[in-house]
Peer 1: 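Got a structure for you, written out below as structure tokens; questions coming shortly.
None of the values given here were measured: they were computed from a predicted structure. For this chain, numbers begin at 1 and follow the sequence in order.
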Amino acid sequence: QVQLVESGGGLVQPGGSLRLSCAASGGGFGIYVMAWYRQAPGKQRELVAGITYSGNTNYADSVKGRFTISRDNTKNILYLQMNSLKSEDTAVYYCKRGKSSWGQGTQVTVSS
């Protein structure tokens with residue numbers, strides 16, 4: 001049974017940086033597409049970035065050039081480096097494995 005645990009969220013000022021982590025258990029991490037999603041209050045959950053098992057990545061236009069997704073298949077950890085954060089990046093960020101496994105989310109608040 002897969003378990004995904006996000007960490008690294010918090011309060012940061014505009015222009016600041018955070019790194020999110022998602023620790024996966026349950027086996028098979030290296031063969032799955034992994035992704036970060038986010039959901040802001042009153043909005044639908046949206047894809048932020050995805051990464052294949054081989055390291056190919058894709059990003060939402062709103063985060064291109066600011067966010068970097070990466071993975072460590074030896075440690076079963078997914079990362080999201082977020083730089084130049086904006087108030088509109090405020091949301092709960094979720095880790096997703098494959099098509100249907102989700103973490104519980106971590107809150108990111110960008111505010112002065």
Peer 1: Is any side-chain heavy atom of Leu11 less than 4.5 Å from a side-chain heavy atom of Gln107?
Peer 2: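 Side-chain contact under 4.5 Å: no.
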Peer 1: When clusters are formed by joining ILVMFWY residues with side-chain heavy atoms under 4.5 Å apart, either directly or through shared neighbours, do Met82 and Ile51 land in the same one?
Peer 2: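 They do share one cluster, since a chain of ILVMFWY contacts under 4.5 Å joins Met82 to Ile51.
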Peer 1: When you measure from the side chain of Arg71 to the backbone N and O of Thr52, does any donor-acceptor pair fall under 3.5 Å?
Peer 2: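 Looks like yes, one N/O pair under 3.5 Å.
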Peer 1: Can you get from Ile69 to Ile77 by hopping between Ile, Leu, Val, Met, Phe, Trp and Tyr side chains that sit under 4.5 Å apart?
Peer 2: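 As far as the 4.5 Å side-chain criterion goes, Ile77 and Ile69 are not connected within one cluster.
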Peer 1: How close do Tyr94 and Glu6 get, counting heavy atoms only, and between which atoms?
Peer 2: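 Shortest heavy-atom separation between Tyr94 and Glu6 comes out as CA-OE2, 3.4 Å.
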Peer 1: For the pair Glu46 (side chain) and Arg38 (backbone), establish whether a donor and an acceptor sit closer than 3.5 Å, ignoring hydrogens and angles.
Peer 2: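 Judged by distance alone, no pair lies under 3.5 Å.
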Peer 1: Grab the two heavy atoms, one from Asn73 and one from Asn76, that are nearest each other, plus how far apart they are.
Peer 2: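 Minimum heavy-atom separation between Asn73 and Asn76: O-OD1, 3.3 Å.
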Peer 1: Are Val5 and Leu80 linked, directly or through other ILVMFWY residues, by side chains that come within less than 4.5 angstrom of each other?
Peer 2: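 Different hydrophobic clusters.
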Peer 1: Look at the aromatic rings of Phe67 and Tyr93 and report parallel, tilted or perpendicular, splitting at 30° and 60°.
Peer 2: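 Because their plane-to-plane angle lies in the 30° to 60° range, the rings of Phe67 and Tyr93 count as tilted.
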Peer 1: Assigning hydrophobic clusters by single linkage (Ile, Leu, Val, Met, Phe, Trp, Tyr; side-chain heavy-atom cutoff under 4.5 Å), is Val108 placed with Val48?
Peer 2: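 Both belong to a single hydrophobic cluster.
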Peer 1: Does atom CD of Glu88 have more than 12 heavy-atom neighbours, drawn from other residues, nucleotides or ligands, at distances under 6.0 Å?
Peer 2: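 Result for CD/Glu88: enclosed.
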Peer 1: Please report, to 0.1 Å, the donor-acceptor pairs under 3.5 Å made by any side chain of residues 15-36, with sequence neighbours excluded.
Peer 2:
{"residue": "Ser17", "atom": "OG", "partner": "Asn83", "partner atom": "OD1", "Å": "2.9"}
{"residue": "Tyr32", "atom": "OH", "partner": "Arg97", "partner atom": "NH2", "Å": "3.4"}
{"residue": "Trp36", "atom": "NE1", "partner": "Tyr79", "partner atom": "O", "Å": "3.1"}

Peer 1: Is it the case that the side chain of Thr90 and the backbone of Val110 share a donor-acceptor pair, with hydrogens and angles ignored and the cut-off at 3.5 Å?
Peer 2: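 Present.
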Peer 1: Go through Thr68 and Thr57 one step at a time and tell me if the side-chain contact (heavy atoms from CB on, under 4.5 Å) criterion holds.
Peer 2: CA-CA 9 Å; Thr68 302; Thr57 59; over 6 Å; no
Peer 1: For residues Lys99 and Lys96, report the shortest heavy-atom separation together with the two atoms involved.
Peer 2: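 Minimum heavy-atom separation between Lys99 and Lys96: O-CE, 3.1 Å.
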Peer 1: Group every Ile, Leu, Val, Met, Phe, Trp and Tyr by side-chain heavy-atom contacts under 4.5 Å, then state whether Val92 and Val12 land in the same group.
Peer 2: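 No: no chain of side-chain contacts under 4.5 Å links Val92 to Val12.
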Peer 1: Taking all non-hydrogen atoms of both residues, which atom of Val2 and which atom of Ser101 are closest, and how far apart?
Peer 2: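 Where Val2 meets Ser101 most closely, the heavy atoms are CG1-OG, 3.2 Å.
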Peer 1: Using side chain to side chain donor-acceptor pair (under 3.5 Å), reason through Ser111 and Thr109 one step at a time and then give a plain yes or no.
Peer 2: CA-CA 6 Å; Ser111 175; Thr109 302; over 6 Å; no
Peer 1: Is any side-chain N of the basic residue among Asp89 and Lys86 closer than 4.0 Å to the acidic one's carboxylate O?
Peer 2: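 No.
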